Amino acid sequence: MRSRLTFWIVVALVAGLVVGWGLHLAIDDGSKASAERLAGIAGYLSILTQLFLRLIKMIIAPLVFSTLVVGIAHMGDTSALGRVGLRALTWFIGASLVSLLLGLVLVNLIQPGIGLALPLPPVTATAGVNRAAFDAAKFVAHIVPQSMIAAMAENEILEIVVFSVFVGVAITAVGESAQPLVRGAEALVAVMLQITDYVMRVAPVAVFAAVAATLAERGPGVLRDLAWFMGGFYLGLALLWMVLIAAGFAVVGPRILQLVRYIREPLILAFTTASSEAALPRTLEALDRFGVPPRIASFVLPLGYSFNLDGSMMYMTFASLFIAQAYGIHLPLGEQVAMLLVLMVTSKGIAGVPRASLVVIAATLSQFNIPEAGLLLILAVDHFLDMGRSATNVIGNAVAASVVARWEGQLDRPEPMEIIAARSPSGHAAAAETSFAQMSAPPEPRPQAKR
């Protein structure tokens with residue numbers, strides 16, 4: 001059952017904490033040899049997590065392409081697509097500004113970098129983060145894919161979205177003769193959802209390996225040393241969740257409070273694997289059960305992975321100013337606002353960049369004369385922080401899809417939780433297939449206002 005998978009993921013998380021901590025206590029004696037041994041054990045455990053994440057990435061490109069093409073083909077007209085895209089981007093920009101601003105305000109109130117009881121890395125040290133991995137000009141040039149095959153092979157989500165939009169709009173323009181392609185895409189959606197069901201059955205193993213590897217190698221001490229920084233950041237994430245849900249409440253109404261229950265499984269999966277991508281297939285299904293039509297969710301979610309990573313954006317201002325505080329660098333309010341605006345631009349399109357948040361932070365620090373070496377302070381706990389921001393990215397995009405569906409007047413009734421809880425994994429996949437196939441039905445006409 002669905003609740004059984006969630007239960008085993010939580011069990012795997014706890015078991016990973018216990019085993020990882022136990023390995024660290026049993027082996028670590030402060031010597032270089034023990035550190036190397038723990039790193040080797042963590043490397044072997046991480047193989048399981050990497051295999052799971054590779055399985056998830058194997059699904060993403062065909063799933064995004066097929067769901068997006070089917071959704072656009074059955075929207076009815078291209079004006080609906082433009083309207084949905086504009087509304088989604090409007091929400092993304094507002095959510096991005098709120099996330100960045102919240103991080104800026106909190107780090108100034110809490111000041112986790114002041115009086116830090118840790119030796120500071122030399123300002124000439126390198127953090128090992130490749131700043132060349134992100135470049136604004138390169139990002140703009142690569143919005144449009146030069147090859148569909150290359151975009152899918154490299155899981156470039158934004159490029160896949162652009163290509164899928166072209167295909168969906170062209171199918172709409174061609175009309176009846178393109179219907180075999182639509183039916184083929186619908187069949188591909190069903191196949192990808194079934195594969196997702198198979199892959200998710202090994203999720204607890206991947207969660208156990210990820211948590212055990214991280215804690216075994218780094219130990220609990222690193223959490224203690226940066227507890228104030230981590231606690232402040234997680235407080236910020238909690239506040240951001242409240243702000244996002246409150247904004248969703250203003251648009252969707254009281255039912256937005258039930259959203260967390262519907263996306264509970266993808267939230268736990270994103271948190272435990274520290275990967276937003278791992279939760280994408282399940283988030284699509286969960287939003288469908290919540291009442292967001294697949295034709296909208298399949299467009300808004302992939303777009304959100306490039307433009308609406310709320311947790312990651314809050315982390316960028318929080319971490320950047322934390323490093324400045326640690327080195328005793330005072331930034332006037334004007335410079336902090338300028339940093340916020342720079343991050344607003346450079347944070348877009350980072351989904352396909354490895355360690356994306358750190359890459360953008362490294363590129364931003366140099367612009368404000370803050371030592372890049374400060375990243376070494378947070379690298380040890382970055383995985384634990386990535387867990388929280390990945391889950392926040394999921395909730396942010398789920399709220400965005402629900403809001404856009406409400407603005408479109410197409411937010412359906414939610415599926416009762418009792419039915420979801422009683423459904424077996426295979427039955428759930430079959431139901432999801434049926435639901436996505438229903439995208440072929442055109443949206444009901446909106447009632448005309450009485451004069």
Side-chain angles (χ1 to χ4, degrees), residues 17 20-21 24 98-123 125-129 210-211 214-215 217-243 270-272 274 276 309-331 333 335-336 339-340 343 347 350 355-366 368-393:
L17 289 171
W21 195 336
H24 187 84
V98 169
S99 303
L100 291 166
L101 185 60
L102 182 59
L104 185 149
V105 171
L106 275 176
V107 76
N108 278 288
L109 289 176
I110 299 174
Q111 296 189 333
I114 303 298
L116 191 65
L118 284 174
L120 296 179
V123 294
T126 176
V129 177
V211 177
T214 302
L215 205 57
E217 182 178 8
R218 295 166 185 171
V222 70
L223 303 181
R224 181 188 63 248
D225 295 337
L226 290 170
W228 187 240
F229 169 65
M230 295 180 65
F233 176 67
Y234 270 93
L235 171 63
L237 290 182
L239 292 175
L240 182 57
W241 279 43
M242 293 172 62
V243 170
F271 179 81
T272 51
S276 304
L309 299 176
D310 298 323
S312 298
M313 283 183 282
M314 198 192 82
Y315 179 67
M316 290 173 196
T317 48
F318 197 92
S320 299
L321 292 175
F322 163 77
I323 293 171
Q325 291 173 0
Y327 279 92
I329 299 173
H330 173 70
L331 293 179
L333 180 60
E335 287 193 39
Q336 293 188 32
M339 177 185 286
L340 184 149
L343 289 170
S347 62
I350 65 174
R355 309 186 82 171
S357 299
L358 294 179
V359 171
V360 175
I361 292 171
T364 305
L365 292 178
S366 60
F368 294 87
N369 298 317
I370 302 172
E372 180 190 327
L375 284 173
L376 294 171
L377 290 171
I378 60 176
L379 277 178
V381 296
D382 184 68
H383 178 84
F384 298 101
L385 301 176
D386 200 10
M387 295 166 72
R389 60 182 186 254
S390 295
T392 305
N393 294 339

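The shown structure was predicted, so the numbers you read here are calculated from the model rather than taken from an experiment. Counting from 1, the numbers follow the sequence of the chain as shown.
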Check: With a 4.5 Å heavy-atom cut-off, do Y234 and M387 have their side chains touching?
Finding: yes
Next item on the list: Check whether any side-chain heavy atom of I361 sits under 4.5 Å from a side-chain heavy atom of L375, and report yes or no.
Entry: yes
Check: When rounded to the nearest 0.5 angstrom, what is the spacing between CG in L102 and OG1 in T317?
Finding: 8.0 Å
Item checked: Spatial distance of atom CG (L106) from atom CG (L321) [nearest 0.5 Å] -> 11.5 Å
Check: Heavy atoms, side chains only, cut-off 4.5 Å: are R389 and D382 in contact?
Finding: yes
Notebook entry, point to check: Taking C-beta and beyond as the side chain, do P112 and F318 meet within less than 4.5 Å on heavy atoms?
Noted result: yes
Next item on the list: Would you give the length of the straight line joining atom OG of S276 to atom CG of D386, rounded to the nearest 0.5 angstrom?
Entry: 7.5 Å
Check: Is the number of heavy atoms from other residues, nucleotides or ligands within 6.0 Å of CH2 (W21) greater than 12?
Finding: no
Next item on the list: Would you check if M339 and L331 make a side-chain contact, meaning some heavy-atom pair closer than 4.5 Å?
Entry: yes
Next item on the list: Determine the minimum heavy-atom distance between S390 and A270, stating which atoms define it.
Entry: CB-O, 3.6 Å
Next item on the list: Would you mind reporting whether F384 and L215 have side-chain heavy atoms less than 4.5 Å apart?
Entry: yes
Margin query: How close do S99 and M313 get, counting heavy atoms only, and between which atoms?
Written below: CB-CB, 4.3 Å
Notebook entry, point to check: Got a second to check how far F322's CZ is from I114's CD1, nearest 0.5 Å?
Noted result: 10.0 Å
Margin query: Testing the basics here: between V243 and V98, what is the closest heavy-atom pair and its distance to 0.1 Å?
Written below: CG1-CG1, 3.8 Å
Notebook entry, point to check: Checking T392 side chain against D310 main chain: does a donor-acceptor pair fall under 3.5 Å?
Noted result: no
Check: Any side-chain heavy-atom pair from I370 and S320 closer than 4.5 angstrom?
Finding: no
Margin query: Once rounded to the nearest 0.5 Å, what's the spacing between atom CG of L365 and atom OH of Y327?
Written below: 10.0 Å
Check: Does the side chain of V107 come within less than 4.5 Å of Q325's, by heavy atoms?
Finding: yes
Check: Where do I110 and G232 come nearest, in terms of heavy atoms and distance?
Finding: CD1-CA, 3.7 Å
Check: Of the non-hydrogen atoms in L237 and G311, which two are nearest, and what is the gap between them?
Finding: CD2-CA, 4.2 Å
Checklist line | Straight-line distance of F233 CZ to L240 CG, nearest 0.5 Å | finding: 9.0 Å
